[in-house]
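Numbered from 1 within each chain, the chains take letters A, B, ... in sequence-line order. A quick note: this is a predicted structure, and the numbers were derived from the prediction, not measured.
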Amino acid sequence: MSEFTSEKKAILMEKIVSLCKRRGFIFQSAEVYGGLNGCWDYGPLGTELKRNLKEYWWRKNVQEREDIVGLDGSILTHQAVLKASGHVGGFSDPMCDCLLSKARLRADQIPPQSGTAHWYTGATHAESGWSTSHDFAVLIQAGEGEAKARKTAQQYFAQFLSDKQISPKTLELVGERLESVVDSTRFNPENGSLLTEPRAFNLMFKTHVGASSDESDESTVAYLRPETAQSIFAQFKNVLDSSRVKLPFGIAQIGKSFRNEINPRNYTFRSREFEQMEIEYFCRPEDGLRLTDEWLERRLTFYEEIGIPRDRLHIVDIPEDERAFYSQKTYDIEFEFPFGIQELEGVAYRGDYDLSVHQKATGKSFEYFDEETKEKLLAHVVEPSAGCDRTVLALICQAYDEETVTDEKGKEETRVVMRFSPRIAPIKVAILPLLKNKPELVAKAREIHQMLTPYMTTFYDESAAIGRRYRRQDEVGTPWCVTVDFETLGEKGDEWKDTVTIRERDSMRQERIAITELRNYLLDRIH
RNA sequence: GCGGGUAUAGCUUAGUGGUAAAGCCCUAGCCUUCCAAGCUAGUUAUGUGGGUUCGAUUCCCACUACCCGCUCCA
């Protein structure tokens, strides 16, 4: 994708979005009612794809490991849990808006400035009799001319003019007052304009528990969880006491989380409702950094196993000043989407921050007793946290391919192929009778279809020419098509009786295989 | 949140102040012995709500959604 221009990438993304709708992978939520901003529904094939991803993740990270157990926590979350975790107080960034340029700035990222603030209470225009009254100020730093204050203020008051023909320069400023300021963050460093007071944008969805609850009763407040991790920490002791796990061990969870994003963007990439696949891997403090690196490797291998090659992933070692204050190491795993390189997963070493805050808030011990060393300790945690919907989108973007094929007459056409790994492909095999008006072919094909359905997702199709049916399956990424033909019926000799043609999606190559071998042939390749 | 753009059938697009057009897809039938064949028939659309008008899909306003650029992404 990197060889494409941004324009071609935009077209590519449009094609992917179009295919997703046409073939039933992803629909806009409540589309018939005009859509719901930042929400998406998965159609029949998208649902299969996402299930395959989640099931493979669960199998690899829980079922095939002795040291990781699962959890399925409630989405509605006790406010105390999120107060302890810091989400209620800190899960929002105070933001300021520049009164002049309307730029939005994070309050904590504004460098402190000193100088003289020129305050005004309004402006008038003598000729037209127009006037306005707003408090405004401009910061003049040492070395800057005072004329800048008046010019900036005139521009600010000019936005209230109804007559746009009036030049800002002709406005009379009212109520000038000077104030000396030191290390102030109330002014835009770019232009000196006054900023709005910092406002908190809390990104959590809030609700009230209990049918007759009073909306103003703070004690009934609950939140839709903004991440799956907190129920793992809150249930740490219960899991420890009930499942006889020993350090190091992990608790894994797949589930929905909700963030009231100000600005959902890039198709399903940043949604307000999304699914996470998280592991909290608890360990002794001295093992944390090593395990973080090990988890990074393990996660990269996972992406390779589902068909996202390592060279399409970028590993970012987050520098200290950008990490959360409690994290001693954080890696981001990013994917080259057509709309840019974006994060799929974070692997963060969080120390004992999470258990310690819940221990402190509850006053109960979250400590682990090590039988061998006879010591009590607060476990550290390594958190590989993957975005499920983001990974689905990455799988779709990675799989999408167009190739030019030439038919027997020399005519060129485009073949759209979703090159999903067989492991995650929504449909594993399509069963096709060569012709639908030959009852023997249809009956045999249906028989094979019935034979395979208990073992994998299959699709039966008898309509249209065989070539068209192959292409349909290419476009939804079905790795194999099985065609029942006249050889199958024994009409071309006994040596071919009860064999079928199996056609491979990527190479379009065909080979003959006995019906009795079909099940194992496919199962060996989709596991 | 700011600025710009877009909204016609499942998809891609035409077009119009007065009966909305096509290709692809899809469905049914016929035909068809391996890569989107052919024939016949058929379903489906002006994002939502107002305004102007005899009449609005078209002009105006608002809303909603999506896309692009900023911003943001704890």
*In B/S/- notation, 5' to 3', how is nucleotides 46-51 of chain B contacted by protein heavy atoms closer than 4.0 Å?*
------

_Summary of protein contacts for nucleotides 23-32 of chain B, nucleotide by nucleotide, where a base hit scores B, a sugar-phosphate-only hit scores S (4.0 Å, heavy atoms)_ = --SSS-S--B

*Can you check the A:Phe27 CZ to B:C66 P distance for me, whole Å?*
16 Å

*Nearest-Å distance for atom pair OH/P, residues A:Tyr267 and B:A65*: 17 Å

Please report the distance separating the [atom1] of [N] from the corresponding atom of [M], rounded so that it comes out in whole Å.
{"N": "B:G23", "M": "B:G42", "atom1": "P", "answer": "14 Å"}
{"N": "B:U8", "M": "B:C2", "atom1": "P", "answer": "25 Å"}
{"N": "B:A20", "M": "B:U57", "atom1": "P", "answer": "11 Å"}
{"N": "B:G55", "M": "B:U19", "atom1": "P", "answer": "15 Å"}
{"N": "B:C72", "M": "B:U6", "atom1": "C1'", "answer": "24 Å"}
{"N": "B:C39", "M": "B:A7", "atom1": "P", "answer": "34 Å"}
{"N": "B:U44", "M": "B:A22", "atom1": "P", "answer": "14 Å"}
{"N": "B:U32", "M": "B:A37", "atom1": "P", "answer": "16 Å"}

[X] side chain: which of [options] is closest?
{"X": "A:Arg471", "options": "B:U33, B:C66, B:A36", "result": "B:A36"}
{"X": "A:Lys21", "options": "B:C35, B:A65, B:C11", "result": "B:C11"}
{"X": "A:Arg265", "options": "B:C70, B:U33, B:A65", "result": "B:C70"}

*Could you tell me whether A:Gly346 contacts a base, only the sugar-phosphate backbone, or nothing, with contacts defined as non-hydrogen atoms closer than 4.0 Å?*
nothing

*Looking at every strand, decide which applies to A:Lys15 at a 4.0 Å heavy-atom threshold: base, sugar-phosphate, or nothing.*
nothing

*When you look for runs of 3 or more Watson-Crick or G-U pairs in a row, both distances below 3.5 Å, which of them include RNA chain B?*
B:1-7 with B:64-70, B:10-13 with B:21-24, B:26-30 with B:38-42, B:47-51 with B:59-63

*asked:* I'd like to check the ring-ring contact (aromatic ring centres under 6.0 Å, His included) partners of A:Phe27; sequence neighbours left out, ordered by chain and number.
replied: none

*Using ring-ring contact (aromatic ring centres under 6.0 Å, His included) as the criterion, list what pairs up with A:Tyr460, not counting sequence neighbours.*
A:His449

Under 3.5 Å, which donor-acceptor pairs link side chains of residues 475-484 of chain A to any protein atom two or more places apart or in another chain?
{"from": "A:Glu475", "atom 1": "OE1", "to": "A:Arg23", "atom 2": "NE", "distance (Å)": "2.5"}
{"from": "A:Glu475", "atom 1": "OE1", "to": "A:Arg23", "atom 2": "NH2", "distance (Å)": "2.7"}
{"from": "A:Glu475", "atom 1": "OE2", "to": "A:Arg22", "atom 2": "NH2", "distance (Å)": "2.7"}
{"from": "A:Thr478", "atom 1": "OG1", "to": "A:Gln473", "atom 2": "OE1", "distance (Å)": "2.6"}
{"from": "A:Thr483", "atom 1": "OG1", "to": "A:Tyr470", "atom 2": "OH", "distance (Å)": "2.7"}

*Which pairs pass salt bridge (Lys or Arg N to Asp or Glu O under 4.0 Å) with one or both residues in residues 314-326 of chain A, sequence neighbours excluded?*
A:Asp317-A:Lys329

With [X], which residues qualify under salt bridge (charged side-chain N to carboxylate O under 4.0 Å, His left out), at least two apart?
{"X": "A:Lys360", "result": "none"}
{"X": "A:Glu383", "result": "A:Arg350"}
{"X": "A:Asp461", "result": "A:Arg472"}
{"X": "A:Glu447", "result": "A:Lys444"}

*Between A:Trp40 and A:Tyr267, what is the shortest heavy-atom contact and its length?*
NE1-O, 3.2 Å

*Provide the full list of side-chain hydrogen bond (donor to acceptor under 3.5 Å, both in side chains) pairs with a residue in residues 387-396 of chain A, sequence neighbours left out, each pair given once.*
A:Tyr42-A:Asp389, A:Lys50-A:Asp389

*Check the side chains of A:Gln230 and A:Thr77 for a donor-acceptor pair under 3.5 angstrom, ignoring hydrogens and angles.*
no

*Between A:Glu504 and A:Arg525, does at least one N-O distance fall below 4.0 Å, as a salt bridge requires?*
no

